[in-house]
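Only one structure is covered here, and it is reproduced in the block below.
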Amino acid sequence: VRALLEMDRRQEDAEILSLSETLAIAMANSRSYQFRKETLFIQALNLSEVQKDFNFNYNASAGASTAMTSFKDGTTESFGDNGVNADLGAGISRTLATGARVSLNFSKNLFGYFTDPDASSQNSALTLNIVQPLLNGFGPLVTKEPLRQAERSMVYATRDFKRYQQDFVIDIASQYYSVLRASDQLVNARKKYESAVLNRERSESMVKAGRIPDFQAAQTRLSELNAADSWTLAKSNYESALDNYRFTLGLPIDLNVEPDPGELETLASKGLVEFDITLGEALSSALTNRLDLVNARMQVEDTARKLEIQQRDFLPDLDVAYRASSLRGGSADVSQSLSVDLDLPFDWTEKRNDFRVAQITLEREVRALARDEDEVKRDVRDLWRKLERNRSVYNNRLLSVKLSTRTVEQTSLSLKQGKALTRDLLDAEDGLTDARNAATLALVDFTINRMRFWNAIERFEVDPKGMWYERTEEPVATP
C-alpha cells in the first residue's frame, strides 16, 4: 500500500499532457513518423534526378598535360620541354519529347609553351549532334515514361504518407485513451480497496457487537486482500501503459509526464455523437475517395501504359543522326554528316517474354484492385457494426453503473439493518467496479472506432499539429 501511495504522490508531480500536445509531440519526435517523412523526402530527391534528365544538362571540363622523353643515349627531355597543353571543354544536352537526343559541345586548346609555344594555340571545335529514333523509342509516350512514372510515383508516395499520417494519429490517440483507461481502472481499483477497508473495519465492529458471525468478517478481510492485489495489478498495468506511451512519443521512458484525465471526462460529457451518414453513403465515399484506392486505380493505368510501350518495343531500331563540327572557329572549316542506322533483331525471345510479363502484370493489377475494393467495403461494414455494438454496450454499461450504484447503497443499508449478508455487499461492490471499467472501455472503443470509420471512408482530416476533424460534407474525388 505504501508503494501505491508513493505512486499517487508521483502522479501529483507529473506534467500533464493534453491530447493535442501529445499529438504534436508525437509528430515532432516519433522515430517511425520521422522515418516516413524522410522516406517521402528521398522520393522527392529521386524525382529531381529524373527531371534533370529531361532538362538542359550542362557540363564543363578542364585539363593540362605535358610529357617527358628518355632517349637511348641516356639523355632526356624534362617535363615542360615538350610543351604544356591546357584544354577547356563545355557542353549542353537535352532529350526531346520526340525521343531525339541533342548535344552541343565546345572544346578549345588554350596554349602550348616552353619549347613549343606556338603549337595548338588556337585550336577549337564546336560540335552539334542530333540522334532521332524513327520507330522504336519514338514519341513522348516512350520518351517521357521515366519522367511520367517518377512524377506519378511521387504523387503515390504523398498519398501513402497522408494515409500513414492519419493512421498514425489514430494510433497515438488510441494509445492515449488506453493510458487513460488504465488510469481509470487504477482509480476504480483504489476506490474498491478503500471500500474494502471500510467494510472490513465495519464488519469487525459488528462482530464485536455480536451482530454478525466471525466468518462474515473473514470474508471482508479476504475481500480487502483481493482488492489490494487488484490495485497492485492496476498500478502495474498503468505504469506499463505509461512506458509504452512515452516510448511511442520518442520521450525518455523515465520522464514524468502523463495524459490528462480530463480528456476522458470530456469524452464522457459529450456522449456518443450520432452519425450524419448512412452505410450506403459511407461505402460510396470510401470507394470513391480512399487515397489508397485512387493510387491502385492509377497504378492499373501505369501498367496498361507500360504494356503499350512494351508492345512498341517489337518495332525495329531505326535512327537518323546528324553531326556538324566547326574547326578553328572559321565558317570554312565546317564538316557535316547525316546517317541512318537500322537494327533488325532476329531473336525476339526477350521482347516476347517482356511483353507477356507486362500482360500478366496488368491482369494481376486489375485483380488486386478488385480485391482492395472488396477489402475496403468489408472494413467499412465491419466498423459500422462495431460502432453500433459499441453504442449499445456503452448505453447498457451506463445503465449498469446506475443500477450497481443503487444496489450498493441499498445493500449497505440492508446490511446495517441486518437484512443482508456481508457477501451481498461485496458482490454488489464488485459489480459496480466491473460496470465502471466496462463503461470506460466501451466509451474508448467507440471513440477509436469512430476515428477509424471516418478514416476508412476518407473523411478524416489531420492538421499540421496532428489534431483531426471529421468532414461532414462529401469530399471531391482526387483525380
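Just the heavy atoms: all of them, side chains too, but no hydrogens, waters or symmetry mates, feed the values below.
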Would you say that [X] contacts [Y] through its side chain, given a criterion of any heavy-atom pair below 4.5 Å between the two side chains?
X    : Y    : value
N256 : R246 : yes
V334 : Q336 : yes
F106 : T127 : no
M27  : Q165 : yes
L141 : R305 : yes
V102 : N129 : no
D160 : L291 : no
F446 : V393 : no

Okay, side chain of [X], backbone of [Y]: is any donor-acceptor separation there less than 3.5 Å?
X    : Y    : value
S48  : L45  : yes
S183 : V179 : no
S269 : T266 : yes
S400 : N396 : no
S107 : G89  : no
T248 : N244 : yes

NZ/NE/NH1/NH2 to OD/OE distance under 4.0 Å, [X] and [Y]:
X    : Y    : result
D374 : R378 : no
D184 : R181 : no
E365 : K306 : no
E373 : R290 : no
R148 : E145 : yes

Can you tell me if K351 has over 12 outside heavy atoms packed within less than 6.0 Å of its NZ?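 It does: K351 NZ has more than 12 such atoms within range.
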Worksheet item: What do you reckon, is CZ of R364 surrounded by more than 12 foreign heavy atoms closer than 6.0 Å?
Response: no
Notebook entry, point to check: Hey, mind stepping through T22 and Y245 against side-chain contact (heavy atoms from CB on, under 4.5 Å) and telling me if it holds?
Noted result: CA-CA 9 Å; T22 294; Y245 167 73; 2.7 Å; yes
For the residue pair [X] and [Y], confirm or rule out a side-chain donor-acceptor distance under 3.5 Å.
X    : Y    : answer
N455 : Q166 : yes
R436 : N188 : no
R152 : Q149 : no
N136 : D317 : yes
Y156 : Q299 : no

**Message:** Are F453 and F275, when compared by the centres of their aromatic rings, separated by less than 6.0 Å?
**Reply:**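 When the ring centroids of F453 and F275 are compared, they turn out to be within the sub-6.0 Å range.
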In this structure, is the centre-to-centre distance between the rings of Y33 and F168 below 6.0 Å?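 Under 6.0 Å, so yes.
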Look up atom [atom1] in [X] and atom [atom2] in [Y], then write down how far apart they are to the nearest 0.5 Å.
X    : Y    : atom1 : atom2 : value
L307 : D302 : CG    : CG    : 12.5 Å
Q34  : T39  : CD    : OG1   : 11.0 Å
I448 : Y176 : CD1   : OH    : 12.0 Å
S103 : R323 : OG    : CZ    : 8.5 Å
K377 : L279 : NZ    : CG    : 11.5 Å
I172 : I170 : CD1   : CD1   : 11.5 Å

Under the criterion side-chain contact (heavy atoms from CB on, under 4.5 Å), which of Q51, E49, Q43 is the partner of L47?
->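 Per the side-chain contact (heavy atoms from CB on, under 4.5 Å) rule, the option paired with L47 is Q51, out of Q51, E49, Q43.
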Checklist entry - When L180 is tested against each of Q175, E263, E265, E258 for side-chain contact (heavy atoms from CB on, under 4.5 Å), which residue passes? => result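 Going through the options one by one, the only one that passes is E263.
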- Provide the closest heavy-atom pair for D354 versus Q310 in the form atom of the first, atom of the second, distance.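 Looks like CB-NE2, 3.2 Å.
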Is the terminal nitrogen or CZ of R31 (NZ for Lys, CZ for Arg) located under 6.0 angstrom from the six-membered ring centre of F247 and within 45° of that ring's axis? yes
Candidate pair K235 and E239, rule salt bridge (Lys or Arg N to Asp or Glu O under 4.0 Å), full reasoning: CA-CA 6 Å; K235 169 185 174 293; E239 289 181 335; 3.2 Å; yes
Criterion side-chain contact (heavy atoms from CB on, under 4.5 Å) on T143 and L96, from CA distance to verdict = CA-CA 8 Å; T143 304; L96 305 182; over 6 Å; no
